Structures are given as structure tokens and as C-alpha cells.
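Comments concern the structure below.
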Protein chains: 2
Amino acid sequence: MATGTRRERERAQREELIVRAARELAEAEGWEAVTTRRLAAEIEYSQPVLYSHFKGKDAIMTAVAAEGFGELAKEVRAARTAATGASEALAAVAAAYTDFARKRPALYDAMFTHTVEVQFASEDGPAYLREGFGELLAAVEPLAGDDDPGVLTETFWASLHGLAMLERSGRLPAAWHDERLGLLIGRFAVGKG
Amino acid sequence: MATGTRRERERAQREELIVRAARELAEAEGWEAVTTRRLAAEIEYSQPVLYSHFKGKDAIMTAVAAEGFGELAKEVRAARTAATGASEALAAVAAAYTDFARKRPALYDAMFTHTVEVQFASEDGPAYLREGFGELLAAVEPLAGDDDPGVLTETFWASLHGLAMLERSGRLPAAWHDERLGLLIGRFAVGKG
DNA sequence: ACAGATTTCCTAGCAGTGCTAGAATCAGCG
DNA sequence: CGCTGATTCTAGCACTGCTAGGAAATCTGT
């Protein structure tokens, strides 16, 4: 790293500072506290500086979301590789995923609730998105049997996402989280493998 | 109906007008178009009139969400009672649920994405929420086997919700919707019943 | 080291938001 | 009709994301 002129390096450094400040502010006080004025004050620059790096506030949130996807993929991967059997790996992955959503609500919000512009799914999504999906796929595939592993992974992912969202909003009491996860794993790890 | 004085009846009528206007505007142009000024212009009153009926914009969205929960429950019920077997009922319910979310995105947003204040889950939620959950429960229970029907229903609901959200945001291509639903039903309707 | 060109940065402001105080208007009643 | 009280509107506040234009700092060539 450290390519380009000194100014270019300083710019890149400040861009990271913006993303880090936005993330920390969101995690500390929620995204509603992340205003451009507040964020500018936090990095000790004026508002227009933000716009010299990002097209708008959404772009900053997207950058935070990208960080989040990378970390989520890493945690899911760690959980998967640490587990032994196929079912155990699926359970570990599911627990890691929902834990991530629960412990980093602001980050998860940036990834799924707020930023809509990120298009991925099929083949042409950003790398960090394919990475996360690939981790889930690696855990689901051994248990897919005759079913399409990709579509099954999408379905499993949707279940995890739904659980995370409903529990986070308080619509499902968090107390029964483990039971729900257990039932879900039971349904997705039946028979095969 | 038609209780109280004439003025009270007119007030109630105007309150319904507000909710209807907010909903129609949201469904036509999205919730970002529903501003208090725009909504006031739509009902041909000034902004403070809105606040004489509702505590704030969130309260109006909550009222719209309440309507949505009622209609969702009705559609799920219709799908469930029209189906014959237990697995078929579950599939019909799942299709009805995701269809609702797809065809009424603004309404579904009001119900789940925006309004956070609605607490329900366990026992003390509003009636219209328990109604919808009850419909899902009625479809899931026959297939629960030894598992807790309530918790299993919550899990199934979360899966449907996750599918609806990810497909709506374009993160999962809508083209494979039916396949995902099929896989989900297959996992939740195994063996038992 | 200094003048000029260039890039970087900030001040000030715009149009819009949700929401509200106080003035104006309207309804009901003696 | 005139008064009282409820109802409604005008005007404004504090805030948002975002941006034009001038000020300030930096780099360049002599």
C-alpha cells in the first residue's frame, strides 16, 4: 500500500477517517445521530469536505456497509471452519450471523435497512458481498442434497435475516432466540449429509 | 358506528381521511413523498390539523401499518382456509404472505421497516397483530410435530419476512422466488402431519 | 525568497423536513 | 346581534442534506 503522492495518501487516510467516524457515531448513538454537520465536526473538517470524498450521505453509509459485509463474512467463516460436522457448521454459521446482527445493529442497519443501492445477488455483485454469500454457501451446500445449493443458501440466508430483523425490532422476544435457531437448523439440516 | 356528536363523527371521518391519504400517497410515490405539508395539502387542511389527530408523523404511519396488519391477516386467512391439506395450506399461506409484501411494498414498509414502536410478540400485542400471528400459527401448528408451535411459527414467519425483505430490495433476484418458497415449504413441512 | 497559479477548504446560504406558538376565523348560544 | 369558546391557519423555529463562491493554504517557476 501507500501508493501515489503524499496528498493522495493523505486523502485516502482522511476518507478512512470519515468512514470510521460515521461508523463509530452510528454504533454509539444510532444513524439518526449521524448528520453531515455532526460528522464534519467529528473529523474536524467542514461539511463540504465530506462531499469531496463521497457523493452524499448515502455513499458514506454504503462505505460503512461495505466494511460490515467484510466483517460479517469473516465472522461467519471463522464459525464455519471452527465447527466439525456439517450440521454443526450450519448451526455455528447461523449463530455467528445472528450474533453479528444483534451486537452491531447500526452496522447491520447500514448493510440491509438503509442502503438500497447495493445490487448484488447473482453474479455481478461487489466482491465483499459474494464473499459473505460464499461463506453461507459453503455451510449450506453439504446439506443441500438434491436441492439447488445456491437457491437453498438464499433461502437460509433470508431466514437468518428475518430472524435478525424481527428480534432486533423487538417484534420477536429475544428470549427464545436459541430455540428459534435450533428449530431452523433442524429444518435445514434434515436427513442429508 | 356513528356514535357521539356530529362533530365527533366528523373528526373521526377526517382521521380516516388522513390515514387513507397517507397510505395512497405512500403506495403511489413511496413514503419519502409523504411529508406533512404534502399530506396536509392532499386532505385540504393545514399541517396543524394533522397534529390535532396524531402525535406526529410516526403515529400516522403506525395507523397505516395497523390497516396493513389487518389486511395481511385477512389475505393469509383466505389462503389458508382455501387450501386442503396441511402442507398445501402452509404453501398457500407463504405465497399469500410474500405476495402481500411484494404487491404492497409501502404498506409492508410501514408495518416492518419504519414503525418501530409497535411492540407485540408475546401476549400483550395489539389485537390486529395477534390476529395475523394466529393465522400463521394455524397453518404451522399441524406440522409442528414435537416442536413448540409458537416458536416454530415465529421462525417460519421470520423466514417469510426475510425473503420478502431481501427480494424487495433486489438483493435476491425475484426470478427464483417460487423456488425459494418451495424449498422453504419443503423444510417446514417435512415428515410430520 | 517571492509572485503567480492551483488546489484545498470554509463560510454562508438554499430548499426542504417535522413540528408548534399565537393570531385569525368560525361555530354555537344568550 | 354580540359574545364565548373551539377550530383552523399563518408564520416561524430548529433541523436536515447539500452547494456556490470566496478565502486560505499549497505548490510552481524564476
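Treat the numbers as computed from the prediction; the structure is a model and nothing was measured. Keep in mind that the numbers below use all heavy atoms, side chains included, and drop hydrogens, waters and symmetry copies. Numbers restart at 1 for each chain; the letters A, B, ... are given by sequence-line order, proteins then strands.
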Tell me the interatomic distance from [X], atom [atom1], to [N], atom [atom2], rounded to whole angstroms.
| X | N | atom1 | atom2 | value |
| --- | --- | --- | --- | --- |
| Leu50(B) | dG18(C) | CG | C1' | 11 Å |
| Tyr51(A) | dA20(D) | OH | P | 12 Å |
| Tyr45(A) | dA24(D) | OH | P | 18 Å |
| Arg11(A) | dT7(C) | CZ | C1' | 11 Å |
| Arg37(B) | dC19(C) | CZ | P | 11 Å |
| Lys57(B) | dC19(C) | NZ | P | 8 Å |
| Asp58(B) | dC19(C) | CG | C1' | 12 Å |
| Glu10(B) | dT8(D) | CD | C1' | 14 Å |

**Asked** Has the side chain of Gln47(B) got a donor or acceptor that lies under 3.5 Å from a partner of the other kind on the base of dC19(C)?
**Response**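 In this structure, the two groups form a donor-acceptor pair.
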Between [X] and [N], does any side-chain N or O lie under 4.0 Å from OP1 or OP2?
| X | N | value |
| --- | --- | --- |
| Arg14(A) | dC9(C) | yes |
| Thr36(B) | dC19(C) | no |
| Ser46(A) | dC9(C) | no |

**Prompt:** For DNA chain D, whose closest nucleotide is more 5', that of Glu32(A) or that of Glu44(B)?
**Reply:**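 The residue closer to the strand's 5' end, by nearest nucleotide, is Glu44(B).
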Between [Y] and [X], is the closest basic N to carboxylate O distance under 4.0 Å?
| X | Y | result |
| --- | --- | --- |
| Glu10(B) | Arg14(B) | no |
| Arg104(A) | Glu75(A) | yes |
| Arg80(B) | Glu135(B) | yes |

**Request:** Give me the ring orientation class for Tyr108(A) and Tyr97(A): parallel if the planes are under 30° apart, tilted from 30 to 60°, perpendicular past 60°.
**Result:**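 Tyr108(A) vs Tyr97(A) ring planes: perpendicular.
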